Asks: 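Here it is, the structure in full.
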2 protein chains.
Amino acid sequence: MGNIEENNTEATILEAAKRVFLRKGLFGARMQEIANDAGINKALLHYYYRSKQKLFEAVFKQAFGLMAPRINNVLNSDLELEDKIISLTQNYISFVIKHPYLPSFVIQELNSNPDFVATLISEDHFPNITVFRNQVNQLVAAEKIKPIDPNQLFINVISLTIFPFIAAPLLKGFTRLDDKAYKQLIEDRKVEVSNFIINAIKIEK
Amino acid sequence: MGNIEENNTEATILEAAKRVFLRKGLFGARMQEIANDAGINKALLHYYYRSKQKLFEAVFKQAFGLMAPRINNVLNSDLELEDKIISLTQNYISFVIKHPYLPSFVIQELNSNPDFVATLISEDHFPNITVFRNQVNQLVAAEKIKPIDPNQLFINVISLTIFPFIAAPLLKGFTRLDDKAYKQLIEDRKVEVSNFIINAIKIEK
DNA sequence: GTCTATAGCCAGATAGAC
DNA sequence: GTCTATCTGGCTATAGAC
């Protein structure tokens, strides 16, 4: 017990494929590399997943399934707006620290295949911002927060949360921070980002 | 006059390569497609640029050269912080509207080749945030703006500016906006983003 | 289910005529 | 400088033994 080693080839392949596809993308990845990483034979990849494309789709689906519901749950919770923003940013940054390649993988793939978004929308757990939108509009109408378009606010939240992971090498260059210092900066963003957003919209008494 | 048609094969190739690489990436792009797009023979690509890799590097260098100095000039101007933020966001969003594929191209490439950033830093026009950093620190010390780490503020500015372009398909999905409405939302960000940032840091009287 | 060996294809690169 | 034709290597995918 304790060492629940999944001795399932199919799952082993998927894990290896995730590691390789996330770093190299669909075209950059090599089936041989995935096989090596999984410690199994290349032919088995096709035995279980038929083609590279299908294997990739399995990886993408799982990756997206990890990211999206996490946003959706918070968006539709009954938290007040301020707590919702704190929860979104803190939880999401913590999550992405553990899976740093996920966002750019998902975003890259959607860029080269934009029509796929339509398929995703129709599935469960695809983030729905209706509740969030109403919440923001009500607070604006009641003059509890500064006027802002809910879509813009939502995009700001997501941008501030995710972009520092996607553009890490570039931002490390701009700030001249080494890996360790940048990691600390990201860590700090767990609280910095929500503070920043709340400062931007709250009305001072 | 007026129709300065560059009848230069080398430049024609670079333009075509830019169009294809920006949309497909290094591995997704096909030399044949670039040749077709340029209206010339595939062998000529190799005649002028030796290899796909070298052609790609030429494209990347030009793309990065378009983006980076634009940030750097504003960062090192003698504008006050507030105007600097307005200038950065407005000008940059306007610029990227005209070149929507540039940011994700540059960022994707740097992700798959992070060590390349070191080379870029040593070149001219690579953004240097020293002036910006001092400016922020002084204003914080003088209690003219709320306390914030200059690196965090800089990253916030860049995130809010660039991310909506990189993640356009995803964000269109989240907000359920069609192309036209999303375009308008981006247009609005020319003023929305700087307002948001300035609200976040300014001290109310 | 797992392996070895290989088919088949496609894309980058080059040779050589003009 | 520009073209056609072709080579070469590498990669996905499969056939077939165990």
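All values reported here derive from a predicted model rather than from experimental measurement. Each chain gets a letter, A, B and so on, in the order its sequence line appears, and its residues count up from 1.
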Asks: Using heavy-atom distances to pick each residue's nearest nucleotide on DNA chain D, tell me which of B:N41 and A:Y47 is more 5'.
Replies: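 It is B:N41 whose nearest nucleotide is closer to the 5' end.
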Asks: Does a side-chain N or O of A:T9 approach OP1 or OP2 of C:dT2 to a distance below 4.0 Å, or not?
Replies: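 Answer is yes, contact under 4.0 Å.
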Asks: Rounded to whole angstroms, how far apart are CE on B:M31 and P on D:dT6?
Replies: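 Distance, rounded to whole Å: 21 Å.
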Asks: For A:Q32 and C:dC3, give me the distance from atom CD to atom P, rounded to whole Å.
Replies: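 Answer to the nearest Å: 12 Å.
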Asks: When the aromatic ring centroids of B:F174 and A:F154 are compared, is their separation below 6.0 Å?
Replies: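 Yes.
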Asks: Roughly how many Å is it from NZ in A:K42 to P in C:dT6, rounded to a whole number?
Replies: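 One finds 14 Å between P of C:dT6 and NZ of A:K42, rounded.
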Asks: C:dC10 C1' sits how many Å from B:F27 CZ, rounded?
Replies: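 To the nearest whole Å, that distance equals 16 Å.
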Asks: Have a look at B:A29 and say if it touches a base, only the backbone sugar-phosphate, or nothing, with a 4.0 Å heavy-atom cut-off.
Replies: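 The residue B:A29 makes sugar-phosphate contact but no base contact.
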Asks: Could you check whether A:K202 pairs with A:E82 (Lys NZ or Arg NE/NH1/NH2 to Asp/Glu carboxylate O, under 4.0 Å)?
Replies: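 Judged by the 4.0 Å cut-off on N to carboxylate O distance, A:K202 and A:E82 do not form a salt bridge.
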Asks: Ring centroids only, cut at 6.0 angstrom: are B:F60 and B:F21 within range, meaning strictly under it?
Replies: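 For B:F60 and B:F21, the ring centres are not under 6.0 Å apart.
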Asks: In whole Å, what is the span from the CG atom of B:L44 to the C1' atom of C:dC18?
Replies: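 Rounding to the nearest Å, CG of B:L44 and C1' of C:dC18 are 14 Å apart.
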Asks: Check the distance between D:dT8's P and B:K52's NZ and give it to me in whole angstrom.
Replies: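 Rounded to the whole Å, the gap is 21 Å.
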Asks: So, A:F95 versus A:F165, ring centres under 6.0 angstrom or not?
Replies: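 Centroid separation for A:F95 and A:F165: 6.0 Å or greater.
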Asks: Is A:Y48 near enough to C:dT2 that one of its side-chain N or O atoms lies under 4.0 angstrom from OP1 or OP2?
Replies: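 True: A:Y48 side-chain N/O within range (under 4.0 Å) of C:dT2 OP1/OP2.
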Asks: Measure from CD1 on A:I13 to P on C:dG1 and round the result to the nearest Å.
Replies: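 Spelled out: CD1 on A:I13 to P on C:dG1 is 11 Å.
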Asks: For C:dG12, does either OP1 or OP2 sit under 4.0 Å from a side-chain N or O belonging to B:R30?
Replies: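 For B:R30, the contact criterion (side-chain N or O under 4.0 Å from OP1 or OP2 of C:dG12) is met.
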Asks: Any sub-3.5 Å donor-acceptor pair from A:N72's side-chain atoms to A:N128's backbone N or O?
Replies: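 Flag set: sc A:N72 to bb A:N128 pair under 3.5 Å.
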Asks: On the nucleotide D:dT14, are OP1 or OP2 found under 4.0 Å from the side-chain N or O atoms that A:H46 carries?
Replies: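 No, because none of the side-chain N or O atoms of A:H46 sits under 4.0 Å from OP1 or OP2 of D:dT14.
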Asks: Figure out the CG/P separation between A:N36 and C:dC3, and round it to whole Å.
Replies: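 Going from CG in A:N36 over to P in C:dC3 covers 12 Å.
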